[in-house]
Peer 1: 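Structure incoming, see below.
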Amino acid sequence: MTTEIGQLNLRLPAGFEGRAQRIGRLVGEALARQAGLPAGQLAQVGVGPLQVDPRRSDRAIADHIAQSIGAAIGRQAP
């Protein structure tokens with residue numbers, strides 16, 4: 001089964017400008033690793049706001065965001 005995400009829009013706090021592109025890519029990779037995302041189509045999934053600690057690594061931040069997205073998809077799946 002394939003889950004497709006057409007668009008991902010992240011709004012990160014000020015100070016993340018230099019890290020945003022990498023975090024976005026890592027969120028996509030983390031979502032691709034998640035097992036059990038439901039099939040179907042959702043027009044939009046809202047997540048957040050989430051607390052983001054700038055001291056954490058980009059990967060840790062991305063994993064946290066991806067987990068939240070996966071949980072939201074699971075709650076809203078058709």
Side-chain angles (χ1 to χ4, degrees):
M1 171 178 39
T2 300
T3 302
E4 182 178 324
I5 297 174
Q7 183 176 5
L8 183 63
N9 181 357
L10 298 176
R11 294 184 192 139
L12 296 168
F16 279 82
E17 295 82 3
R19 300 171 66 182
Q21 184 175 10
R22 183 165 194 271
I23 290 171
R25 181 179 52 79
L26 290 169
V27 168
E29 290 175 7
L31 285 168
R33 289 191 307 271
Q34 284 192 15
L37 290 177
Q41 197 172 52
L42 299 172
Q44 183 175 349
V45 176
V47 177
L50 302 174
Q51 292 287 1
V52 178
D53 184 347
R55 297 171 296 183
R56 296 190 71 200
S57 71
D58 291 350
R59 185 169 305 281
I61 291 169
D63 286 344
H64 177 65
I65 294 168
Q67 288 172 359
S68 297
I69 292 171
I73 289 172
R75 287 191 302 271
Q76 295 182 14

Peer 1: Please identify each residue that fulfils salt bridge (charged side-chain N to carboxylate O under 4.0 Å, His left out) with Arg55, with sequence neighbours left out.
Peer 2: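 So Arg55 forms a salt bridge (charged side-chain N to carboxylate O under 4.0 Å, His left out) with Asp53.
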
Peer 1: Considering only distance and modelled atom types, tabulate donor-acceptor pairs under 3.5 Å from the side chains of residues 15-23, sequence neighbours left out.
Peer 2:
unit_1	atom_1	unit_2	atom_2	d
Glu17	OE1	Gly15	N	3.0
Glu17	OE2	Gly15	N	3.4
Arg19	NE	Asp58	OD1	2.5
Arg19	NH1	Pro54	O	2.9
Arg19	NH2	Arg56	O	2.8
Arg19	NH2	Asp58	OD1	2.7

Peer 1: Do any pairs count as a salt bridge (Lys or Arg N to Asp or Glu O under 4.0 Å) and have a residue in residues 40-51, sequence neighbours left out, and if so which ones?
Peer 2: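 For residues 40-51, and leaving out neighbouring residues, there are no salt bridge (Lys or Arg N to Asp or Glu O under 4.0 Å) pairs at all.
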
Peer 1: Can you hop from Val27 to Ile61 via hydrophobic side chains spaced under 4.5 Å?
Peer 2: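 Yes, Val27 and Ile61 fall within the same hydrophobic cluster.
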
Peer 1: Show me the pairs that pass side-chain hydrogen bond (donor to acceptor under 3.5 Å, both in side chains) and involve residues 28-38, at least two apart or across chains.
Peer 2: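 Pairs touching residues 28-38 that pass the test: Arg25-Glu29, Arg33-Asp63.
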
Peer 1: Listing request: all salt bridge (Lys or Arg N to Asp or Glu O under 4.0 Å) pairs with a residue in residues 36-46, at least two apart in sequence or in separate chains.
Peer 2: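 Salt bridge (Lys or Arg N to Asp or Glu O under 4.0 Å) check on residues 36-46 returns no pairs.
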
Peer 1: Testing the basics here: between Gly24 and Leu8, what is the closest heavy-atom pair and its distance to 0.1 Å?
Peer 2: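 Answer, listing the atom of Gly24 first, then Leu8: O-CD2, 4.3 Å.
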
Peer 1: Scan the side chains in residues 45-52 for donor-acceptor partners under 3.5 Å anywhere in the protein, sequence neighbours excluded, and list what turns up.
Peer 2:
none

Peer 1: Does anything in residues 41-52 pair up under salt bridge (Lys or Arg N to Asp or Glu O under 4.0 Å), and if so which pairs, sequence neighbours excluded?
Peer 2: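 Applying salt bridge (Lys or Arg N to Asp or Glu O under 4.0 Å) to every pair that reaches into residues 41-52, excluding sequence neighbours, yields nothing.
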
Peer 1: Check Leu31 against Gly70 and note the closest heavy-atom contact, atom names and distance.
Peer 2: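 So the two residues come closest at CD2-N, 4.3 Å.
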
